[in-house]
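Order of the sequence lines sets the chain letters (A, B, ...), proteins ahead of strands, with each chain counted from 1.
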Protein chains: 2
Amino acid sequence: MESKKYTLEQEQIARFAKAMGHPARMAILEFLARQDCCFFGDIHEELPIAKATVSQHLKELKEAGLIQGEIEAPKVKYCINRENWKIASMLFSNFFGQCVCKRESCCE
Amino acid sequence: MESKKYTLEQEQIARFAKAMGHPARMAILEFLARQDCCFFGDIHEELPIAKATVSQHLKELKEAGLIQGEIEAPKVKYCINRENWKIASMLFSNFFGQCVCKRESCCE
DNA sequence: AATATTGTTCGTAATTTTACGAACTCAAAA
DNA sequence: TTTTGAGTTCGTAAAATTACGAACAATATT
């Protein structure tokens, strides 16, 4: 079965979805989305987990492309990655919009 | 740190996202979304993985509430779970819509 | 130069995920 | 009643995820 693989879109949206697939990472994303940017410490304060774990989650979000971080003095500032946020937004929107139940307008 | 947990919304969207966090499951969802319903065999044909694995992925999608399956003679028919699809659609839409970069309309 | 402060990285353990073949179930057909 | 067809479940192995404390960087402050 070498032939049938997944489409790039499927891989891409799965990648975003996987990054969003943990409540801590959703909390981080929501927190960042509401204020655009903030420091590691602010994020850590919001979460019930150790800083090492927060750092790990941030790394995954960064690798998925949903956020970005830059060093600022002794602190690190994290922000939403706007380009990719837009792409993700589109992918999910298209994905949910494609269901037959939307086309048949049976869901409202 | 017993106090700070995650919100139900965060748990909920993370649950959906996690289910969508694998290309095979995205492929299944897209396939189902396009035709509303179909049999296990049709899904299996679309994917480059063993039937046991397909079955496992279907189980996870079912447990996340995104699809539902019902036995029909010797076959099993799988469909999108429309109620939850709608809920997921809303959750993701609200989530991506909340970013400051949307409110500032800097993304278009 | 010594010392905080702020995060990251390392090492590690426990759990979950992913994947497969083999064995199994269960209804329908022969 | 045996057999076939369609899927699920089981057992299992390899890999990835999640979480933590301890150790480590790197910059500011004293």
Side-chain angles (χ1 to χ4, degrees), chain A residues 1-6 10-11 13-29 31-32 37-79, chain B residues 1-6 10-11 13-29 31-32 37-79:
Chain A
M1 299 253 190
E2 294 302 321
S3 55
K4 290 168 293 181
K5 263 290 144 205
Y6 306 110
Q10 282 162 354
E11 302 269 10
I13 194 170
R15 190 137 175 277
F16 285 135
K18 189 177 181 183
M20 295 169 61
H22 190 289
R25 291 194 293 268
M26 284 306 306
I28 292 170
L29 289 174
F31 188 65
L32 278 179
C37 285
C38 63
F39 296 115
F40 174 89
D42 305 324
I43 297 170
H44 180 210
E45 269 186 356
E46 282 293 300
L47 301 176
I49 50 181
K51 63 182 177 170
T53 309
V54 173
S55 202
Q56 210 171 253
H57 282 306
L58 287 168
K59 193 177 175 187
E60 284 171 71
L61 287 171
K62 204 160 48 180
E63 280 168 3
L66 288 172
I67 68 172
Q68 56 203 159
E70 60 180 288
I71 296 167
E72 199 161 286
K75 301 187 178 184
V76 178
K77 193 174 79 177
Y78 281 99
C79 315
Chain B
M1 301 250 188
E2 294 302 322
S3 54
K4 290 168 295 183
K5 263 290 145 204
Y6 306 110
Q10 282 163 353
E11 302 269 10
I13 194 169
R15 189 136 177 278
F16 285 136
K18 188 175 183 186
M20 293 169 62
H22 190 289
R25 291 194 292 268
M26 283 307 305
I28 291 170
L29 288 174
F31 189 65
L32 279 179
C37 285
C38 63
F39 296 114
F40 174 90
D42 305 325
I43 298 171
H44 181 211
E45 269 186 357
E46 283 292 301
L47 302 176
I49 51 181
K51 63 182 177 170
T53 309
V54 173
S55 203
Q56 211 171 253
H57 282 306
L58 287 168
K59 193 177 175 184
E60 284 172 71
L61 288 170
K62 205 159 47 179
E63 279 167 3
L66 287 171
I67 67 171
Q68 56 202 158
E70 59 179 288
I71 296 167
E72 200 161 285
K75 301 188 177 181
V76 178
K77 192 174 80 176
Y78 282 99
C79 315

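Mapping Pro74(B) and Gly21(B) onto DNA chain C by nearest heavy atom places Gly21(B) closer to the 5' end of the strand.
Summarising the geometry, the separation between CZ on Phe39(A) and C1' on dT5(C) is reported as 13 Å, rounded to the nearest angstrom. The NZ-P distance, from Lys75(A) to dT5(C), rounds to 12 Å in whole Å. Rounded to whole Å, the distance from CZ on Arg15(B) to C1' on dT16(C) is 15 Å. Between the CD1 atom of Ile28(B) and the P atom of dA19(C) there is a distance of 10 Å, rounded to whole Å. Atom P of nucleotide dT6(C) and atom NE2 of His44(A) are separated by 12 Å, given to the nearest angstrom. dA26(D) atom P lies 17 Å from atom CZ of Phe40(A), rounded to whole Å. Atom pair Leu58(A):CG and dA19(D):P shows a separation of 13 Å (rounding to whole Å applied). Per the geometry, CD belonging to Glu70(B) stands 16 Å off P belonging to dA27(C), to the nearest Å.
Looking at every heavy atom in both residues, Phe16(B) comes nearest to Ala64(B) through CE2-O, 3.3 Å. The heavy-atom pair separating Glu46(A) from Phe31(A) by the smallest distance is CG-CE1, 3.5 Å. When all heavy atoms of Ala27(A) and Gln10(B) are compared, the pair lying nearest together is CA-NE2, 3.4 Å.
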Measure all distances between protein nitrogen or oxygen atoms and nitrogen or oxygen atoms of nucleotides 9-17 of chain D, and list the pairs falling under 3.5 Å.
from	atom 1	to	atom 2	distance (Å)
dT17(D)	OP1	Lys18(A)	NZ	2.6

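The phosphate of dA19(C) has OP1 or OP2 within less than 4.0 Å of a side-chain N or O from His57(B). Distances shorter than 4.0 Å separate none of the side-chain N or O atoms of Tyr78(A) from OP1 or OP2 on dT6(C).
Residue Arg25(B) holds its CZ atom at 9.0 Å from CD of Gln56(B), rounded to the nearest 0.5 Å. For the atom pair SG (Cys37(B)) and CD (Gln68(B)), the distance works out to 7.5 Å, reported to the nearest 0.5 Å. Annotation: the span from Met26(B) atom CE to Lys18(A) atom NZ amounts to 14.5 Å, rounded to 0.5 Å. Note that the SG atom of Cys79(A) and the CD1 atom of Ile67(A) stand 9.0 Å from one another [nearest 0.5 Å]. Taking NE2 of His22(A) as the start and CD of Glu11(B) as the end, the distance is 9.0 Å to the nearest 0.5 Å.
For Ile49(B), the side-chain atoms get nearest to dC20(C) when compared with the rest of dG7(D), dC20(C), dT6(C).
A side chain to side chain contact (heavy atoms under 4.5 Å, CB included) with Tyr78(B) holds for exactly one of Leu58(B), Ile28(B), Asp42(B); it is Leu58(B).
When the local axes at the two ends of the helix from dA1(C)-dT30(D) to dA30(C)-dT1(D) are compared, using 5 base pairs at each end, they differ in direction by 0° after rounding to 10°.
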